[in-house]
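The structure appears below as structure tokens.
Order of listing sets the numbers, starting from 1, for every ligand and every atom in it. Everything numeric here is computed off the predicted structure, so don't read it as measured data.
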Amino acid sequence: MECIMIASFILGSLYKECLSVRFQVSSIPSVSVALGSDVLLPCTLTPEKNGEKMEIRWFRFRYQPYVHLYINGKDDYTAQMPQFANRTELLKENITRGIFPLIIRNVTAQDSGEYHCYVESSDHHGMAAVQLQVTAIGTVPVISINNDTISCESRDWNPKPHLTWTDNEGNEINSSMVEVFRNENHLYNILSIIQQPNASYITCTVSNSINHSNDSRQIRELEHSQTSRDMRSRVYVIGASFILICFGCICLLLRSLCKYLLQLDGCTFFFQTSSNNKILE
Ligand SMILES: *[C@@H]1O[C@H](CO)[C@@H](O)[C@H](O)[C@H]1NC(C)=O
Ligand SMILES: *[C@@H]1O[C@H](CO)[C@@H](O)[C@H](O)[C@H]1NC(C)=O
Ligand SMILES: *[C@@H]1O[C@H](CO)[C@@H](O)[C@H](O)[C@H]1NC(C)=O
Ligand SMILES: *[C@@H]1O[C@H](CO)[C@@H](O)[C@H](O)[C@H]1NC(C)=O
């Protein structure tokens, strides 16, 4: 009986000891930040534990090169990813309470993705992941009107944008071509080309999950040339009808004038001709 009690006591204290060295590493699922600003990636230990003597490693794809490393009580930049040079800082104000967030300054589109906070003590280790999303609202779209096509272009979006065309009434116009590609800044450019639509007013809207931006254009030339063409043909029809009517009027006038002249001078004329005939005879 005593033996069992001693055994359970030993097991209990061992279990407690085990628990006391165990910890869980946690962060938050995701952080969204605007391009060029600074971001704080949380990393905490539960239960609360002093992290001063631990290894704290922030990494992305591989253990090494890392984003940031704190080891043997200090920061170690020897194998840091060049992309993060001079841009990271591990805040140690609350490290004794197991709270040590990482600051990344002036984030770039390339910084987007998953980060791991790996923490290792002499007898335990744990890890947490956080998703960093760097957002960028691209340039205001620009509509260009060509001979028989219209194009719309916008640069520097993140995450990936999409593009829609709408007409005067807000109805969507199907675009025959939309191209999205990553540019040299790791941001997205978008380009769309459509055939000249019947609409007189057209809007191109580029949007992603964080914002949208658009450009509208009155397709003046199309409308203008159409109306002037209509006007011109109408003028031709009216002109032609006018000429026809005038011609008819002149004909009628000439005929009645002829008749009148014939009636007036008909006798003398007739007399003269007949008398001439008579003379000739
Ligand atoms: C980081 O800072 C150091 C000293 O301030 C400087 O010499 C080095 O060129 C910087 N590196 C980068 C990549 O900015
Ligand atoms: C440390 O903790 C205190 C109290 O919770 C808080 O006010 C402070 O902002 C924390 N510092 C850092 C760098 O997280
Ligand atoms: C932020 O990064 C961009 C490009 O990576 C650079 O052109 C700019 O000077 C940086 N700004 C600061 C304040 O470091
Ligand atoms: C536009 O495309 C959708 C589906 O792709 C189709 O249902 C619709 O009829 C098309 N509209 C025009 C005007 O072509």
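- Aromatic rings of Tyr66 and Tyr118 (six-membered ring for Trp) have centroids beyond the 6.0 Å cut-off, not under it.
- Ile28 and Phe59 are not part of a single hydrophobic cluster, where members link through side-chain heavy atoms under 4.5 Å apart.
- Within the 4.0 Å heavy-atom shell around ligand 2 one finds Arg97.
- Heavy-atom proximity to atom 12 (C) of ligand 3, evaluated over Asn86, Asp111, Asn106, is greatest for Asn106.
- Nearest residue to atom 10 (C) of ligand 2 from Asn94, Leu90, Ile95 is Asn94 (criterion: closest heavy atom).
- For atom 7 (O) of ligand 2, the protein comes within 4.0 Å by no heavy atom at all.
- With sequence neighbours excluded, the residues that form a side chain to side chain donor-acceptor pair (under 3.5 Å) with Trp157 are Ser154.
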Worksheet entry | side chain to side chain donor-acceptor pair (under 3.5 Å) evaluation trace for Ser192 with Trp165 | CA-CA 9 Å; Ser192 176; Trp165 291 96; 2.9 Å; yes
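- Note that atom 3 (C) of ligand 3 has protein non-hydrogen atoms nearby, at separations under 4.0 angstrom.
- Within the 4.0 Å cut-off (strictly below), a protein heavy atom is located near atom 14 (O) of ligand 3.
- Residue, atom and distance of the protein heavy atom nearest to atom 5 (O) of ligand 3 are Thr108 CG2, 3.8 Å.
- Here Ile103 contributes atom CD1 and Leu41 contributes atom CG; the two are 9.5 Å apart, rounded to the nearest 0.5 Å.
- Looking only at atom types and distance, the side chain of His68 has a donor-acceptor partner in the side chain of Asp75 under 3.5 Å away.
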